[in-house]
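For clarity, every value in this text was computed on a predicted model and none was experimentally measured.
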Amino acid sequence: MDFATKAIHVGQDADPATGATIVPIYQTTTYTQAAPGEHRGFDYSRSINPTRLALERCLASLENAAYGLCFASGMAATAATLNLLAAGDHVVVGDDLYGGTFRLFDKVLTRYGLRFTYVDAADPQAVAAALTEATKLVWLETPTNPLMKLSDIAAVAAVCKPRGVRLAVDNTFATPFLQNPLDLGADLVVHSTTKYIGGHSDALGGFVATNDEGLYQTIKFHQNSVGGVPGPFDCFLTLRGVKTLALRMREHERNARAVAAFLEGRADVERVYYPGLPSHPQHELAKRQMRGFGGMLSFVPSGGAGRAQAIASATRIFSLAESLGGVESLICHPASMTHASIPKEVREARGVSDALLRLSVGIESATDLITDLEHALS
Ligand SMILES: Cc1ncc(COP(=O)(O)O)c(C=O)c1O
């Protein structure tokens, strides 16, 4: 089955009880049993819920995964993945990443005895050099948030496999429509479904997929033990959103290409970060590893932080807001918003300057979006 068909049908057979064509919102916490322990596979909604199960099956199919688990947010999915580790374990992390993920690693999980080393994961040899006897996991975003850097997933997997180190890829920016990390050798793929998968900025969610039954069972055990699960209504919204993921991603990309070309042509823009531009240092890797370049881009206008903040406040169609991946266009100033939880000196050493702006290019008219940016820039 092709992607667009799976997004609409997998896990979404007509409801066995009523024939409802659309998976119902099973707004129940519990299930009536015929006799003690005798039930139809559903006992309590923290453990299992039919609406969540439909979403888990659908998203797993989109990542070509045997198993998938949904969570209340992307951060809950990330935390559940890190629950695979124990005190004393070491993790190698790509150094350009979502500020909230850095905060979880640096401020929360270090208190539980996990240790993290940050490297430039665009270079697989830098990942290899950071591995120690204690390393159990490599964590990558590709493309990264917010600098749009890529990692060669197959090359990093080839470094990890012989050492028995697991590779997890946060695939939120690319989405399964553009990239399938498990097919490239990753062991785990993680998403904030809050973003493109849900697609309408109205439901938080997270997702983890794997082909390894042992990893699945352990994360499922933690999903139930910790309880960071999404409610049935949020699962319903996400399932409705994912049906149009293929259509939306094509439009996001078409608009992002136009916006990136517009920005690159401006004399008052110093740098544009978009993997679809031939000027992107990893454009060839993007063409090889991804099936398109997506809807996210960042840029540095000339004039420093003051002008960047003025631009972010001047757009009319691009909303100044955190998050990304919805149908509406958003502009963000990472240093004061999504990446404010990273100390300034660490952020700047990684290239996230106070003058950087990030765009989530929506699916409005490209002409209107460019007119809006033209006005804000001038
Ligand atoms: C790449 C990436 N991963 C994970 C997350 C966390 O997701 P959530 O906000 O759904 O917890 C975000 C949020 O912005 C993100 O951008």
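Panel note: side chain H252, backbone V361; a donor-acceptor pair is recorded below 3.5 Å. No donor-acceptor pair under 3.5 Å is formed between the side chain of T117 and the backbone N or O of A130. Q282 contributes a side-chain N or O that, together with a main-chain N or O of L150, makes up a donor-acceptor pair within less than 3.5 Å. Between the Q223 side chain and the A80 main chain, no donor and acceptor come within less than 3.5 Å of each other. A donor-acceptor pair is defined here as one N or O able to donate and one able to accept, closer than 3.5 Å; such a pair exists between the side chain of T28 and the backbone of T30. At distances below 3.5 Å, not a single donor-acceptor pair connects side-chain atoms of N171 with backbone N or O atoms of V189. With hydrogens and angles disregarded, no donor-acceptor distance shorter than 3.5 Å links the side chain of Q179 to the backbone of M290. Under a 3.5 Å cut-off, the side chain of R271 and the backbone N or O of L356 do not form any donor-acceptor pair. Under a 3.5 Å cut-off, the side chain of E364 and the backbone N or O of S329 do form a donor-acceptor pair. Side chain of R52 to backbone of S45: a donor-acceptor contact under 3.5 angstrom is found.
Closest heavy-atom contact between H339 and Y98: NE2-CA, 3.7 Å. Minimum heavy-atom separation, H90 to T135: ND1-OG1, 2.7 Å. Between G227 and R46 the shortest heavy-atom distance is CA-CD, 3.4 Å. In this structure, W139 and V190 approach most closely via the heavy-atom pair CH2-CG2, 3.8 Å. In terms of heavy-atom proximity, L297 sits nearest to Y274 at CB-CD1, 3.8 Å. Scanning all heavy atoms of the two residues, the minimum distance from S323 to T194 falls at OG-CG2, 4.4 Å.
Both L263 and L357 belong to a single network of hydrophobic side chains, linked directly or stepwise wherever heavy atoms of I, L, V, M, F, W or Y lie under 4.5 Å apart. Residues L131 and V169 share a single hydrophobic cluster, defined by chaining ILVMFWY side chains whose heavy atoms lie under 4.5 Å apart. Both L55 and Y196 belong to a common hydrophobic cluster when Ile, Leu, Val, Met, Phe, Trp and Tyr are linked at side-chain heavy-atom distances under 4.5 angstrom. In the hydrophobic clustering of ILVMFWY residues, with side-chain heavy atoms under 4.5 Å counting as a link, V165 and L188 come out apart. Y118 and V346 fall within the same hydrophobic cluster, defined by Ile, Leu, Val, Met, Phe, Trp and Tyr side-chain heavy atoms under 4.5 Å apart, directly or through other members.
Taking OG1 of T51 as the start and CD1 of I22 as the end, the distance is 12.0 Å to the nearest 0.5 Å. One distance of note links CZ of F293 with CE of M148; it measures 11.0 Å at 0.5 Å rounding. To the nearest 0.5 Å, atom CZ of residue F173 and atom CG of residue L324 are 5.0 Å apart. The distance from the CG atom of L84 to the CG atom of L215 is 5.5 Å, given to the nearest 0.5 Å. Taken from OG1 in T218 to CD in E213, the straight-line distance is 10.0 Å, to the nearest 0.5 Å. Atom-to-atom distance recorded for L69:CG and H222:NE2 is 11.5 Å, nearest 0.5 angstrom.
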Working note: H333 + I311, criterion side-chain contact (heavy atoms from CB on, under 4.5 Å); need CA distance, chi angles, decisive distance, verdict. CA-CA 10 Å; H333 180 244; I311 292 167; over 6 Å; no
Assess the residue pair T315 and D372 against the criterion (side-chain hydrogen bond (donor to acceptor under 3.5 Å, both in side chains)); give the C-alpha distance rounded to whole Å, side-chain angles, the decisive distance to 0.1 Å, and a yes or no. CA-CA 6 Å; T315 53; D372 190 33; 4.5 Å; no
Determine, step by step, whether D212 and T210 satisfy the side-chain hydrogen bond (donor to acceptor under 3.5 Å, both in side chains) criterion, reporting the C-alpha distance in whole Å, the side-chain angles of both residues, the deciding distance to 0.1 Å, and the verdict. CA-CA 5 Å; D212 183 308; T210 183; 5.5 Å; no
Show, in sequence, the C-alpha distance, side-chain angles and deciding distance for T78 and T81, and conclude whether the side-chain hydrogen bond (donor to acceptor under 3.5 Å, both in side chains) test is met. CA-CA 5 Å; T78 301; T81 305; over 6 Å; no
Criterion salt bridge (Lys or Arg N to Asp or Glu O under 4.0 Å) on E253 and R257, from CA distance to verdict: CA-CA 6 Å; E253 174 161 341; R257 281 175 183 249; 3.1 Å; yes
Run the side-chain contact (heavy atoms from CB on, under 4.5 Å) test on F42 and N49 for me, step by step, so that the C-alpha distance in whole Å, both residues' side-chain angles and the decisive distance to 0.1 Å come before the verdict. CA-CA 7 Å; F42 298 91; N49 172 280; 5.8 Å; no
Candidate pair Y26 and D15, rule side-chain hydrogen bond (donor to acceptor under 3.5 Å, both in side chains), full reasoning: CA-CA 11 Å; Y26 278 94; D15 180 52; 2.3 Å; yes
Begin with the C-alpha distance, continue with both residues' side-chain angles, and end with the deciding distance and a verdict on side-chain contact (heavy atoms from CB on, under 4.5 Å) for N83 and I219. CA-CA 7 Å; N83 279 154; I219 298 175; over 6 Å; no
What do the steps show when you test E63 against H191 for side-chain contact (heavy atoms from CB on, under 4.5 Å), and what is the final call? CA-CA 10 Å; E63 281 293 8; H191 283 280; 2.7 Å; yes
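For the pair D152/Q289, a side-chain contact is recorded, criterion being any heavy-atom separation below 4.5 Å from C-beta on. Between R115 and V91 the shortest side-chain heavy-atom distance does not fall below 4.5 Å. Using a 4.5 Å heavy-atom threshold, the side chains of R266 and F299 count as separate. Proximity of Q33 to D43: side-chain heavy atoms (C-beta onward) are separated by under 4.5 Å at one or more points. For the pair C70 and D234, the minimum side-chain heavy-atom distance is 4.5 Å or more. Looking only at side-chain heavy atoms (C-beta outward), D89 and L137 stay at 4.5 Å or farther from each other. Looking at heavy atoms from C-beta onward, P50 lies in side-chain contact with Y31 at the 4.5 angstrom threshold. Looking at heavy atoms from C-beta onward, C235 lies out of side-chain contact with I25 at the 4.5 angstrom threshold.
Taking the charged nitrogens against the carboxylate oxygens, E251 and R248 have no contact shorter than 4.0 Å, which rules out a salt bridge.
Just one of S360, S319, S201 meets the side-chain hydrogen bond (donor to acceptor under 3.5 Å, both in side chains) condition when paired with E328; it is S201.
The aromatic rings of F105 and F116 sit parallel, their planes meeting at an angle under 30°, below the 60° perpendicular limit.
Counting heavy atoms of neighbouring residues, nucleotides and ligands inside a 6.0 Å radius, atom CZ of R240 does not exceed 12 of them. For CZ of R291, the number of neighbouring non-hydrogen atoms (other residues, nucleotides, ligands) closer than 6.0 Å is greater than 12. When the shell of 6.0 Å around CZ of R57 is examined, it contains 12 or fewer heavy atoms from other residues, nucleotides or ligands.
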